[in-house]
Amino acid sequence: MSFKLAVLASGRGTNLQALIDASKMGEMPAQVEVVISDKKEAQALKRAQDNKIPAIFVDPSSFPSKKNFEQELIRILNGFDYDLICLAGFMRILSPFFINNVGKPIINIHPSLLPAFPGLNAQKQALDYGVKFSGCTVHFVDEGVDSGPIILQAVVPVEEGDTEETLAQRILQEEHRLYPLAVKLIAEGRIRIEGRKVFIE
Ligand code: GAR
């Protein structure tokens, strides 16, 4: 298995877990090589350790600027052999500096049907707006916020009486299916990008 992932995560890490599990089950021809977090207490780091994957905390507050923090991320990433960066609940916007200098493609999973409800609290935005369907999106990361070419999307119905938590949970189940599938397509070389359109071959 040669396709390798670097995962950046800030929190509970269930999408990271979905990638680890899919790799172990042979559902995705890729493996998680390193996990980096900007939060010391992130459960994602614990999940990595439990699976004998290098787990690295980088404290943003110990750098004088965002650029210095991102330089450190790049320095650490350069110490690993990997093909693709997967953001999995990484709650920081990466600057054009990082995106243009890291030298590898970056994908993200977002809990809405982009371009609707980018940014924070996507599930709350969907409920407040009153949409009947939401979902999740896996996309390439570009210099905007949740604006890069869309690889895959899954639709999730909004049900009467949904709270932010119940909707988030229903969407999360689809995220766990979609993210490994997107990685699988990339690892198999089946993704072609033309402008902002992604074709699956
Ligand atoms: C997921 O729902 C992911 O889509 C979302 O954060 C959650 C992380 O959960 N990401 C964003 O909102 C990014 N803008 P996890 O830590 O259990 O994978």
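All residue numbers in this chain count up from 1 along the given sequence. Both counts, for ligands and for their atoms, begin at 1 and track the order of listing.
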query: With a 4.0 Å cut-off on heavy atoms, does Q17 reach ligand 1?
result: no
query: Closest non-hydrogen protein atom to atom 6 (O) of ligand 1, residue and atom name please, with distance?
result: M91 CE, 3.5 Å
query: Would E188 and R190 pass as an ion pair if we require N to O under 4.0 Å?
result: yes
message: Using side-chain heavy atoms (C-beta onward) and a distance below 4.5 Å, is L172 in contact with N15?
response: yes
- prompt: Between Q123 and S112, does any side-chain donor sit less than 3.5 Å from a side-chain acceptor?
  reply: no
query: Side-chain contact, heavy-atom cut-off 4.5 Å: D21 with M28?
result: no
- prompt: Of the protein's non-hydrogen atoms, which lies at the shortest distance from atom 14 (N) of ligand 1, and what is that distance?
  reply: H110 ND1, 3.3 Å
NZ/NE/NH1/NH2 to OD/OE distance under 4.0 Å, D83 and K104: no
- prompt: What protein heavy atom is closest to atom 5 (C) of ligand 1, reported as residue, atom name and distance in Å?
  reply: P111 CD, 3.8 Å
field: Residue pair F140 / P149, side-chain heavy-atom distance below 4.5 Å
entry: yes
message: Are the side chains of T137 and L152 in contact, using a 4.5 Å heavy-atom criterion?
response: no
query: Which residue holds the protein heavy atom closest to atom 1 (C) of ligand 1, what is that atom called, and what is the gap in Å?
result: E175 OE1, 3.2 Å
query: Among all protein non-hydrogen atoms, which one is nearest to atom 9 (O) of ligand 1, and what is the separation to 0.1 Å?
result: R12 NH2, 3.0 Å
- prompt: For atom 16 (O) of ligand 1, which protein heavy atom lies nearest, and how many Å away is it?
  reply: G13 N, 2.8 Å
- request: Please write down residue, atom name and distance for the protein heavy atom closest to atom 8 (C) of ligand 1.
  value: G89 CA, 3.7 Å
- line: Numbered in order shown, the ligand 1 atoms found under 4.0 Å of a heavy atom of T14 are 15 (P), 16 (O), 17 (O), 18 (O)
